[in-house]
Amino acid sequence: MLDKRYDPHQVEEGKYQTWKDEGYFTAGDTSKQPFSLVIPPPNVTGKLHLGHVMDTIPDDIIVRYKKMMGYDVLWVPGMDHAGIATQAKVEEKLRKNGISRYDLGREKFLEVAWDWKKEYANTIHQQWAKIGLSVDYTRERFTLDEGLSEAVRKVFVTLYEQGLIYQGEKIINWDPELRTALSNVEVIHSDDEGEFFYFLYDIVGTDEQIVVATTRPETMFGDTAVFVNPNDKRYGKYVGKMVINPANGEQIPLMADSYVDPAFGTGAMKCTPAHDPNDFALAKKYGFPFIKVLDESAKMNSLAGEYEGMDRYECRKALVEKIKQQGHLQKIEKFVHSVGHSERSGAVVEPMLSKQWFVRMKPLAERVLEQQKGPDKVEFLPARFEKVLIRWMSNIDDWCISRQLWWGHRIPAYYNQNTGEIRVSMEAPAGDEWKQDEDVLDTWFSSALWPFATLGWPHKTPDYDRYFPTSVLNTGYDIIFFWVARMVFQSEHFTDKAPFKTVVIHGLIRDEQGRKMSKSLGNGIDPIDVIERYGVDALRYFITTNSAPGLDMRYSDEKLQSASNYLNKIWNATRYVEMTLGEGYVPTAINKKELGALEKFILSRLEATIKKVQSKMDAYNFLAASGILYNYVYDDFCSFYLEMSKVSLADEKKEVMVKAVLYKVIREIILMIYPYCPFIAEELYLSLPGHKKSIMLETYPVYDASLHSPKAEKLGAMLNAIISDVRGYKASKGLAPNASIRLAFEGKYPFAGIEDYLKRFLFASSVEQNAKLRGDSFVYEGATLTVEEDVDVETLRANLLKEEEKLVFEVSRSQKMLANPGFIAKAPKEKIDAETEKLNANQAKLDTVRARLKELA
RNA sequence: GGAUGCUUAGCUCAGCGGGAGAGCAUCGCCCUUACAAGGCGGGGGUCGUAGGUUCGAACCCUACAGCAUCCACCA
């Protein structure tokens, strides 16, 4: 017998381990259709947060649902080495002990990093268990394991040979704190307040000056020219002359190019080819040299003269002061402009000329754009997110993939120390003279291969054949560029297939005030704390049923409480059913011929619910699916049928039939809630008679059209309406809910036995047919119910008039619609029929009400 | 500069072409043997504004406003 109260911790205890030990998570039943997905691999940087819960719980729901639907489901788990992120964490840990990575050296540092990985992988495993992920551990992968590494090398070498990977010197984003290059998507732009410095440049051979504005005075040591717009009348006469760079006194040319916007600043712009992408392009056009003035820590180099060794900002300050004293500073303005920050370190990113490895994106992106036009495209849910991918792919720059880090896949390029020759190959060339490139690859380079590399690619393994392409991927909109886009192009290039059929995009979880959860705000929520308070199932339910697909949601204690209450409701409904069934109950099949009106009702509603829930589940719309089930559980089952069954059970003849119905309904409710809340579902399932070893071996309820009857639903709905009306009547009269009343039906009863239900639920002392009672009447289709109460005639008349007014409104509304030629001509037939039926029913009710009013007069 | 989303009950959010919904909060009545973390009943919304399309608009279109997010540029 179940406890009176649902205790999530007691329920969760031990279940996961049992499922795992029984092998329920392991895929491979080849008698079934395959269905596969890969986990968005969490970074081994720390504990899981709510974002990971959002990434994985929808997947888990899909996996558990699809298994019940008869698929052989493979969910591949794994983790990401997360190059920069993990290295930053490890370095931070070392720094606390006063050690830098350079003190340790590459090899020792990697040992520390691997220890770190082991520790956090362990934590993550525990958390996966805690939240109940049904991942196939026999196929777990890590982005740095041998298989993935081989795939990475294969991809690198192949793209190199195809001319799609190249080494080049370009302006890249440099993180001076972590001392590595970054890709464009790893740079976060924010509008920062800065200063705009207006400097006076002497024009050689004249006694005139030109004002040049800049936000980056410290880069002036690398300037090669000043540019103006060729149509700018102010400066036309000076073009071709030399001007004096006030930072170092050197002469640089004043030139004209249409790139310059005359309306911006002073219309004169300094050109720093090695520290600005636009200037770089100009310099290439005019053949200027590229002069670097910053080192890898963003400190000034020797070209800065007296400022050598200074931090870029110190130098800026000192240099501006010097120029000011020399009389070449016109003014300083406050200036808000977008500044790039490193996603990981937060440092202001330095655009810098650097030799790096790049992926040539155009051809790869074009392939994706082409495929998205055809039948083999990746389907996005919600569909609008496809546009995000398309736009990004359409305007893509080459991808800088080399990182000056140690934790990651080392680039398979080898340099001959004697000849300078470069070789890119799967294995190191023979001979001591070959030295491997020191850099590693962007962590997303390996993540991009995740869906196929985890299944064995580049080898043709049975798993790869059976489970690739995967069926669905679930992830947040914030990593469409980082991950989704890159998986798509790598997959299409290397396997000729999209990596997944469908991408389900979810929003982000925010705090209760709607702010992004972040470390700096300290508003992050630890899922483990939530589980402590409400249980895993409540967390799972909350996270998947509280926002529309693709939209952000707020964390809410209130909603978790509500989820927990819902589970308690199901728990207690099950408890009631089990108490009713009694010890040793043996489930019996439903005998359709013996069903009573209410049983037909609740079963019909059940079938309707199964059908709707399934269609929403198939569309991965968990909010909608859960809402439909929720309404069924509360309104149809708990509030209505369950209560009614207490009356039915008083009749011995009905006992077998009612028990069979209660059993079927509660069992199927449990099966439907199971993908969301597997722990409580397993507990309840196992407490039911006639269960298998685990709910994980069950199949999903199957829609049975023979039990789906709109007519049966109508009768139940009428009884429901009667109860609600009479209860409302009592409340409006100030009567206690249990005040005794008498009821009379005009005409025949809507269904046999309705008296017993009415007596019980409305505290009716008698229910009679065609008895003359004085009191309010309620009119239903085919039946009129009169409630006798001690009310005066005036109140009675007032109530009837109110009812009449309501019905007149309803009737005239229907009449107007039906009299509207446009409606008749253009509305679908079902709408017209429904409206006609409504009109007739209301008209009949109205007639009855008027007849009663006449009697009273 | 470009794009996207949001604006619905006091709060948090669903609904997105045929009569305004949920949770929480609020008010009233109930400890009725599944559940008081409960039950029953009630109050509360001209669905951001203005136009348009349609027989019919919270829902489609167009403008506008506010909020949020993304991309690009920023000397």
Out of C70(B), U33(B), A68(B), minimum distance to the side chain of R510(A) belongs to A68(B)
Worksheet item: Would one find a side-chain N or O of R391(A) under 4.0 angstrom from OP1 or OP2 of C70(B)?
Response: no
- Would you check if there is a donor-acceptor pair between the side chains of T272(A) and K270(A) at a distance under 3.5 Å? yes
Report task. Identify whether any heavy atom of T266(A) sits under 4.0 Å from a base atom; if not, whether one sits that close to sugar-phosphate; answer base, sugar-phosphate or nothing. Result -> nothing
From CG of L629(A) across to P of A22(B) the rounded distance in Å is 17 Å
message = Does K516(A), at its NZ atom, have more than 12 non-hydrogen atoms belonging to other residues, nucleotides or ligands within less than 6.0 Å?
response = no
- Query: Just wondering, more than 12 heavy atoms not from K616(A) lying within 6.0 Å of its NZ?
  - Reply: no
Just call it for F227(A): base, sugar-phosphate, or nothing, with non-hydrogen atoms closer than 4.0 Å on any strand. nothing
Whole-Å distance, D635(A) CG to G39(B) P, equals 11 Å
To the nearest angstrom, the CH2-P distance between W392(A) and C71(B) comes to 11 Å
Any heavy-atom pair between the side chains of T609(A) and I669(A) that's under 4.5 Å? no
- [ ] Could you tell me whether R813(A) contacts a base, only the sugar-phosphate backbone, or nothing, with contacts defined as non-hydrogen atoms closer than 4.0 Å?
- [x] base
Practice item. Determine the contact category for S556(A): base if any of its heavy atoms lies under 4.0 Å from a base atom, sugar-phosphate if only primed atoms, P, OP1 or OP2 are that close, otherwise nothing. Key: nothing
What class does the angle between the rings of F335(A) and F196(A) fall in, given that below 30° is parallel, 30 to 60° is tilted and above 60° is perpendicular?
-> parallel
Using a cut-off of 4.0 Å on non-hydrogen atoms, how would the nucleic acid contact of Y259(A) be classed: base, sugar-phosphate, or nothing? sugar-phosphate
Write down the distance separating the C1' atoms in C60(B) and C24(B), rounded off to the nearest Å. 33 Å
Nearest-angstrom distance, C1' atom, A58(B) to A20(B):
8 Å
Between U69(B) and A63(B), how far apart are the two P atoms, rounded to whole Å?
24 Å
Contact check, residues 566-576 of chain A vs RNA chain B, heavy-atom distance under 4.0 Å, returns N568(A), K569(A), N572(A), A573(A), R575(A), Y576(A)
message = With rounding to the closest Å, how many angstrom separate the C1' atoms on A25(B) and A65(B)?
response = 30 Å
_Side chains of Y259(A) and D261(A): any donor to acceptor distance under 3.5 Å?_
no
Does a side-chain N or O of K4(A) approach OP1 or OP2 of C35(B) to a distance below 4.0 Å, or not? yes
Checking G23(B), C71(B), A14(B) against the side chain of S547(A) (C-beta onward), the nearest is A14(B)
Dot-bracket for RNA chain B, 5' to 3', Watson-Crick and G-U pairs with both distances under 3.5 Å, [ ] for crossing pairs, | for partner on another strand, reads ((((((((.[[[[.)..(..]]]].(((((.......))))).....[[[[[..)....]]]]])))))))....
D279(A) atom CG is separated from C73(B) atom P, nearest whole Å, by 13 Å
Check your understanding: Any side-chain donor-acceptor pair under 3.5 Å between Y286(A) and D257(A)?
Key -> yes
With sugar-phosphate meaning primed atoms plus P, OP1 and OP2, does K270(A) contact a base, only sugar-phosphate, or nothing at under 4.0 Å between heavy atoms?
nothing
Notebook entry, point to check: Is D276(A) touching bases, backbone alone, or none of the nucleic acid, heavy atoms closer than 4.0 Å?
Noted result: sugar-phosphate
>> Could you check whether S645(A) and Y576(A), counting side-chain N and O atoms only, form a donor-acceptor pair closer than 3.5 Å?
In response: yes
Of the candidates C24(B), A14(B), U4(B), the side chain of A548(A) sits closest to A14(B)
*Scan L508(A) against the nucleic acid and name what it touches under 4.0 Å (heavy atoms): base, sugar-phosphate only, or nothing.*
nothing
**OP:** Report which part of the nucleic acid Y6(A) touches: base, sugar-phosphate, or nothing (heavy-atom distance under 4.0 Å, all strands).
**Re:** nothing
Within the structure, does a side-chain N or O atom of N395(A) lie under 4.0 Å from either OP1 or OP2 of A72(B)?
no
Looking at every strand, decide which applies to V260(A) at a 4.0 Å heavy-atom threshold: base, sugar-phosphate, or nothing.
base
Worksheet item: Between Y477(A) and F385(A), how do the two ring planes meet: parallel, tilted or perpendicular, split at 30° and 60°?
Response: parallel
How is E835(A) classified with respect to the nucleic acid when contacts are heavy atoms under 4.0 Å: base, sugar-phosphate, or nothing? nothing
- Message: Are there over 12 heavy-atom neighbours, none belonging to E583(A), within less than 6.0 Å of that residue's CD?
- Response: no
Separation of A25(B) atom P from D557(A) atom CG, nearest Å, is 13 Å
- [ ] Give a yes/no on whether any side-chain N or O of S639(A) is located under 4.0 angstrom from OP1 or OP2 of C40(B).
- [x] yes
*side-chain hydrogen bond (donor to acceptor under 3.5 Å, both in side chains) between Y198(A) and E333(A): does it pass, once the steps are laid out?*
CA-CA 8 Å; Y198(A) 291 75; E333(A) 279 181 350; 2.9 Å; yes
note: K559(A), atom NZ; A25(B), atom C1'; distance rounded to Å ~ 12 Å
Which part of the nucleic acid, if any, lies within contact of P828(A), taking any heavy atom under 4.0 Å across all strands shown: a base, the sugar-phosphate backbone alone, or nothing? base
### Message
Within the 4.0 Å heavy-atom criterion, would you say E643(A) contacts the bases, only the backbone, or no part of the nucleic acid?
### Response
base
Sorted by number, residues from residues 532-544 of chain A placing a heavy atom under 4.0 Å from RNA chain B are none
Between CZ of F637(A) and C1' of C35(B) the distance, given in whole Å, is 13 Å
Of the candidates A14(B), G18(B), C70(B), the side chain of F823(A) sits closest to G18(B)
In F679(A), Y566(A), F622(A), the residue satisfying ring pair (Phe, Tyr, Trp, His ring centres under 6.0 Å) with Y541(A) is Y566(A)
Short side-chain N/O contact to A34(B) OP1/OP2 from K646(A), under 4.0 Å: yes
From CZ of F481(A) across to C1' of U69(B) the rounded distance in Å is 11 Å
Side-chain atoms of C638(A) come closest, of G41(B), U4(B), A34(B), to A34(B)
Same-atom distance (C1') from G45(B) to A34(B), integer angstrom:
35 Å
d(E12(A) CD, I680(A) CD1) to nearest 0.5 Å is 9.5 Å
**Message:** Give me the distance, rounded to whole Å, that separates G15(B) from C6(B) when you measure between the P atoms they each carry.
**Reply:** 9 Å
Roughly how many Å apart are C59(B) and G21(B), using the C1' atom of each and rounding to a whole number? 14 Å
For salt bridge (Lys or Arg N to Asp or Glu O under 4.0 Å), just list the numbers for D557(A) and R533(A), CA-CA rounded to whole Å, side-chain angles, deciding distance to a tenth of an Å, and then say yes or no.
CA-CA 10 Å; D557(A) 274 316; R533(A) 289 160 67 199; 3.0 Å; yes
**Message:** Distance check, C1' atoms only: C27(B) and A68(B), in whole angstrom units.
**Reply:** 36 Å
Regarding the side chain of M579(A), the nearest nucleotide among U12(B), U33(B), G5(B) is U33(B)
May I ask you to decide if the ring planes of F288(A) and F227(A) are parallel, tilted or perpendicular, using 30° and 60° as cut-offs? tilted
Next on the checklist: Over 60° means perpendicular and under 30° means parallel, so tell me whether Y630(A) and Y634(A) are parallel, tilted or perpendicular.
Outcome noted: tilted
